[in-house]
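Residue numbers count from 1 along this sequence. Atom set for the values below is all heavy atoms of this structure, side chains included, hydrogens, waters and symmetry mates excluded.
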Amino acid sequence: MNVLEVREVGKTYGGVVALHDAELTVRAGSVHALLGENGAGKSTLIKVISGAVAPDRGTVSLSGRAVSFASTARAAASGVAVVSQELNLFPDLDVLSNLYPMREPKRGPFRDKRAMIAAAEPVFAELGLDVELDRPLGTLTLAQRQLVEIAKALLTRPRVLILDEPTSALDEASTARLLEILRALRERQVAVVFVSHILEEVMALCDEITVLRDGRTVLSGIARDELDIERVVAAMLGDKPELPDHAAPERSRADEGRGTLELRGVTVPGLLHDIDLTAAPGEVVGLAGLAGSGHTAILEVVAGLRKTSGGRVDLPDGRPVPHGLRAAIAAGVALVSGDRRRLGLLLDKPVWENMAQVRTVALGRDGLFIRPRRLRAAARKLLSTLHIHADSVDTACGLLSGGNQQKVVLAKWLAAEPTVLLLDDPTRGVDVGGKSEIHALLRSVATDSIVLLCSTDLDELAAVCDRVLVLYRGAVCATLTGSRINQHDLLHAMNTGAA
Ligand SMILES: Nc1ncnc2c1ncn2[C@@H]1O[C@H](COP(=O)(O)OP(=O)(O)OP(=O)(O)O)[C@@H](O)[C@H]1O
Ligand SMILES: [Mg+2]
């Protein structure tokens, strides 16, 4: 039975057509993948379904009846729960209060805290989320907040559960648990709609696939078995060339110090033990490991974010890495995180201002004498280099699609022309085409700069790295090069700590 039917939905923002005759039909007891490039209209379609955005035309029906929700809370009350790409949580409230926005269980006039806890605890256990319910939400990690958002949706016991890139902030273990839960919901006849750019993940899970391209439905509810990843990608891209030519942004300061980045005996209690690492311009050095094994801690040490108890870190100009991210940026270090909400963007500010943000710190001008005209010209160049879909550099970042926001994060750090570029899962939430563009860009940036890359995407490590250090319990257990940088050898070293 079709639970959810979307017909001929159109939505225009100013001059931008976000949706154009979009269609979506979802069966009860199925997992439906909603796919498309960055900016294709996926999030907009979801917002139309949940009542967060009013469409210009078209209809949404639930079990055959036309609906038009006045708010996402109304949608949830009617059995349609959404885990949105931009989390809708209140950082100042505690975890428990975040779980029940506007619909706290009541006992008389008071909220029934006991009932709230009793309902929440098993859901948290199922998600493997181990946090105290009275903690302020703002103190949680992004992954934990993502899980809280998922728990909040599950607690409404939805008939239709829509998840917009729910795994982009999660590690492997949490992702696996979430996918198990979705399989169980399918058994219970829930209709699940799942958006992800990690195609292997969706294809392994889903029953049907709908693909949007430029706001139109180009594949509508095709059975999973009838499609493979190549065909899905072809539908996403249409007749667009898969890998357009592009040049690296102009570089200047990077040429100054062509020395190496040196870590000697770096130790952080409980995290890193006696790490040695030398990296020179011209190669991309990968860092891999299971969550907590220390690979991302190395990035944080080099970015000045973590105090060491022993050893030293010398930047290419021979000076030790300073304390604090701001000082590290001024010393030529850049840290790009796939977690765009953490090292975030100023969503209400235009693209050019966001791109200029780090650059002004790096050049020590701190916004005092910035010349908007030149900064906008520089931003325009990055916009085309990275194929960022935005009307112009004056568009507010909050209006860009998730993946395009992620590219702006990368652009703003590249604009600072770093000598050391640190990347932590830089392409999470970026579509396949964008991923290969960014990979090519990283290769060209690496001719002048030192690049260290952490990625949960092992194919990404294989695609761009010359050398990968695998960390196990805070120490380097293996160094892989050439054809040994592959899924099998990486996983083996990551899981066993064997060379
Ligand atoms: N509030 C808004 N104002 C103006 N334009 C918008 C707004 N919201 C979305 N858009 C535009 O609509 C188009 C579709 O965006 P949408 O967020 O739906 O894409 P998406 O498929 O979810 O992409 P991603 O994979 O990057 O998250 C984009 O061109 C985006 O810039
Ligand atoms: Mg989106």
Side-chain angles (χ1 to χ4, degrees), residues 141-143 169 253-254 257 259-273 275-281 283-289 291-345 354 357-364 366 406 408-428 442 445-446 448-456 465 469 471 474 476:
T141 65
L142 181 75
R253 213 180 59 179
T260 53
L261 171 73
E262 301 267 349
L263 279 74
R264 288 286 158 266
V266 168
T267 298
V268 176
L271 268 180
L272 290 175
H273 182 66
I275 301 290
D276 290 332
L277 165 64
T278 304
E283 61 170 354
V284 177
V285 179
L287 298 169
S293 64
H295 55 309
T296 49
I298 292 181
L299 296 189
E300 290 165 2
V301 166
V302 179
L305 289 171
R306 235 178 228 294
K307 277 218 183 99
T308 55
S309 64
R312 52 182 302 137
V313 182
D314 292 321
L315 293 175
D317 60 7
R319 287 183 296 179
V321 80
H323 274 307
L325 185 58
R326 208 179 164 83
I329 292 169
V333 176
L335 174 60
V336 180
S337 170
D339 171 357
R340 61 177 168 267
R341 286 160 286 214
R342 189 161 65 95
L343 294 169
L345 292 172
N354 273 285
Q357 197 194 355
V358 191
R359 188 187 167 89
T360 48
V361 175
L363 302 181
D366 227 358
Q406 185 57 40
V408 174
V409 174
L410 182 59
K412 80 172 187 181
W413 290 101
L414 290 178
E417 296 170 9
T419 53
V420 176
L421 178 60
L422 308 171
L423 301 147
D424 185 7
D425 252 337
T427 62
R428 287 225 154 187
L442 294 181
V445 168
D448 294 319
S449 304
I450 290 159
V451 180
L452 299 188
L453 170 69
C454 282
S455 182
T456 47
C465 294
L469 308 190
L471 277 99
V476 176

Sub-3.5 Å donor-acceptor pair from the side chain of [X] to the main-chain atoms of [Y], do we have one?
| X | Y | value |
| --- | --- | --- |
| Asp425 | Thr456 | yes |
| Ser449 | Pro418 | yes |
| Gln406 | Pro426 | yes |
| Thr419 | Gly332 | yes |

**Report entry** Distance-only side-chain donor-acceptor flag, Arg428 / Ser455, under 3.5 Å
**Finding:**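 Ser455 and Arg428 do not have a side-chain donor-acceptor pair below 3.5 Å.
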Query raised in the report: Will you find, in the side chains of Asp424 and Thr296, an N or O donor that is under 3.5 Å from an N or O acceptor?
Result: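 Per modelled atom types, Asp424 and Thr296 side chains form no pair under 3.5 Å.
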Query raised in the report: With sequence neighbours left out, what residues match Arg306 under side-chain hydrogen bond (donor to acceptor under 3.5 Å, both in side chains)?
Result: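 Arg306: side-chain hydrogen bond (donor to acceptor under 3.5 Å, both in side chains) contacts with Glu300.
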I need the minimum non-hydrogen distance between [X] and [Y], along with the two atoms involved.
| X | Y | answer |
| --- | --- | --- |
| Asp276 | Gly265 | OD1-N, 2.7 Å |
| Ala279 | Leu452 | CB-CD2, 4.1 Å |
| Gly304 | Val321 | N-CG2, 4.5 Å |

Requested in this report: Could you walk me through whether Leu410 and Leu423 pass side-chain contact (heavy atoms from CB on, under 4.5 Å), step by step?
Outcome: CA-CA 9 Å; Leu410 182 59; Leu423 301 147; 4.0 Å; yes
Report task. With the side chain counted from C-beta on, respond yes when Cys465 and Val284 share a heavy-atom pair under 4.5 Å apart, and no when they do not. Result ->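 In contact.
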Report task. Could you give me the CA-CA distance, side-chain angles and deciding distance for Ile298 and Leu471, then say whether side-chain contact (heavy atoms from CB on, under 4.5 Å) is met? Result -> CA-CA 10 Å; Ile298 292 181; Leu471 277 99; 3.9 Å; yes
